[in-house]
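Not measured: the values here are computed from a predicted model. Indexing begins at 1, ligand by ligand and atom by atom, following the structure's order.
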Amino acid sequence: MPEGVSQEAFERGPVPSVYREAVSQGNEERGDPDDLRAKADVNYMEASAAVEQGLAQEGNSCANCADFIPDQNGDGFGACAEVEGYIGAEDYCVIWEPLEGHDEEAESGETES
Ligand code: SF4
């Protein structure tokens with residue numbers, strides 16, 4: 001857990017302001033904090049534990065999830081476009097979405113600015 005961050009904030013947020021309007025590595029906007037999923041509701045845990053429990057395939061983690069917003073402020077944790085609180089690259093949850101493919105979809109689609 002980052003220094004100075006309470007257990008409550010780690011689990012539920014708020015995350016540092018740099019993440020609040022951030023876009024994930026798969027181009028998903030982080031929505032209204034009230035609409036994010038609770039970690040407990042999506043079985044958020046270390047990716048290695050998720051593999052042991054048969055919930056994740058080896059190699060899948062937040063680091064290669066389309067919804068992950070990598071660390072922006074050097075505290076070792078990022079955030080997620082779908083799940084509340086601080087998110088570690090080595091963790092996992094059951095709504096994991098592959099970054100590969102998602103990216104291609106985003107790149108091939110026309111986007112209006
Ligand atoms: S695996 Fe879950 S918590 Fe991790 S980035 Fe993806 S959606 Fe968010």
From CD (Gln53) to CE (Met45), nearest 0.5 Å: 4.0 Å
Within a distance under 4.0 Å of any heavy atom of Phe68, pick out the atoms of ligand 1 and give their elements. 5 (S)
Could you tell me whether ligand 1 has any atom less than 4.0 Å away from a heavy atom of Val42? no
Is it the case that the side chains of Tyr92 and Asn60 hold a donor-acceptor pair, with the cut-off being a distance below 3.5 Å and no angle test? no
Between Gly88, Cys93, Ala81, flag the one that comes closest to atom 2 (Fe) of ligand 1 by a heavy atom. Cys93
Between Phe10 and Phe77, does the ring centre distance come in under 6.0 Å? yes
Would you call Ile87 and Lys39 a side-chain contact if the rule is heavy atoms closer than 4.5 Å? yes
Cluster check Leu36, Ile95: I/L/V/M/F/W/Y, side chain < 4.5 angstrom: no
Looking only at protein heavy atoms, which one is nearest to atom 4 (Fe) of ligand 1, and what is the separation? Cys62 SG, 2.3 Å
Contact atoms of ligand 1, heavy-atom distance to Ile95 under 4.0 Å: 7 (S)
How many angstroms lie between CG in Asn27 and CG in Asp67, if you round to the nearest 0.5 Å? 11.0 Å
Where ligand 1 meets Cys80 - atom numbers and elements under 4.0 angstrom, heavy-atom basis: 3 (S), 5 (S), 7 (S), 8 (Fe)
For ligand 1, which atoms, with element, lie under 4.0 Å from some heavy atom of Cys65? 1 (S), 5 (S), 6 (Fe), 7 (S)
